[in-house]
Amino acid sequence: MDAITTRKLTKKYKTKTAVDAIDLTVREGELFALLGVNGAGKTTTVRMLTCLSAPTSGEAEVCGSSVITAKEDVKRITGISPQDTSVAEKLTVRENLEFMAKIHGYGKNAVKERADKMIATFGLEEYESSRAHFPAAGSEN
Ligand SMILES: Nc1ncnc2c1ncn2[C@@H]1O[C@H](COP(=O)(O)OP(=O)(O)OP(=O)(O)O)[C@@H](O)[C@H]1O
Ligand SMILES: [Mg+2]
């Protein structure tokens with residue numbers, strides 16, 4: 001099965017055509033890079049493939065599920081790491097991990113277990129109670 005297929009996938013904002021009838025196929029296990037100049041429509045395409053934005057016309061399927069008629073199935077199997085970080089800077093490292101585990105539907109005990117496991121796996125013990133902000137380049141903290 002193909003991982004991603006699009007057929008004439010299109011997004012229009014009023015008079016602006018952000019994505020113009022693209023057809024593409026990404027096979028399972030394939031690494032696929034979408035390159036283009038600023039404003040080419042890359043983010044808009046990814047937003048449609050992850051069900052964050054509805055196509056104006058055309059169709060796309062992710063692992064056989066339509067981004068139009070089977071959004072829940074697509075969302076269940078999709079992970080996205082956006083250009084800007086989605087870490088909540090006001091929460092601690094542990095709180096971020098627990099927050100994500102809750103979003104993924106884990107129960108109270110499992111949430112703690114998952115966070116413990118991630119902290120151990122990635123060696124975050126020293127930082128788990130610190131806020132998950134990114135220090136500015138060149139700063140000491
Ligand atoms: N919500 C919106 N309303 C109106 N126009 C939009 C909207 N989102 C994107 N556009 C326009 O659609 C076009 C494609 O934008 P998009 O952000 O998908 O491009 P991109 O390839 O991701 O660009 P960049 O390389 O700068 O990230 C641009 O002309 C942009 O201005
Ligand atoms: Mg973009």
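Remember, it's 1-based here, ligands and their atoms both numbered in the order they're listed. Nothing here was measured: the structure is a model prediction, and the numbers come from that model.
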If you have a sec, work out which protein heavy atom is nearest [atom] and how many Å separate them, to one decimal?
atom	result
atom 18 (O) of ligand 1	Thr44 OG1, 2.5 Å
atom 9 (C) of ligand 1	Tyr13 CE1, 3.7 Å
atom 12 (O) of ligand 1	Ala18 CB, 3.2 Å

Look at the side chain of [X] and the backbone N and O of [Y], then say whether any donor-acceptor pair between them is shorter than 3.5 Å.
X	Y	answer
Glu95	Thr92	yes
Ser65	Ala70	no
Thr10	Lys8	yes

Could you check whether [X] pairs with [Y] (Lys NZ or Arg NE/NH1/NH2 to Asp/Glu carboxylate O, under 4.0 Å)?
X	Y	value
Glu61	Arg7	yes
Arg27	Asp2	yes
Lys11	Asp20	no
Lys117	Glu113	no

field: Option set Lys16, Met48, Lys12, Lys11, criterion heavy-atom distance to atom 11 (C) of ligand 1, minimum
entry: Lys16

Residue Asn38 vicinity, atoms of ligand 1 by number, heavy atom under 4.0 Å: 23 (O), 24 (P), 25 (O), 26 (O)

Between [X] and ligand 1, does any nitrogen or oxygen pair lie at a separation below 3.5 Å?
X	value
Gly39	yes
Thr43	yes
Ala40	yes

message: I'd like to know if Gly41 contacts ligand 1, where contact means a heavy-atom distance under 4.0 Å to any ligand atom.
response: yes

field: Single hit among Leu52, Thr6, Val74 for side-chain contact (heavy atoms from CB on, under 4.5 Å) with Val67
entry: Val74

field: the Mg ion (ligand 2) reached by Thr43 (N, O or S, under 2.8 Å)
entry: yes

message: Does the protein come close to atom 30 (C) of ligand 1 - that is, does one of its heavy atoms sit below 4.0 Å from that atom?
response: no

- line: So for Lys42 against ligand 1, with non-hydrogen atoms under 4.0 Å, the contacting part is both

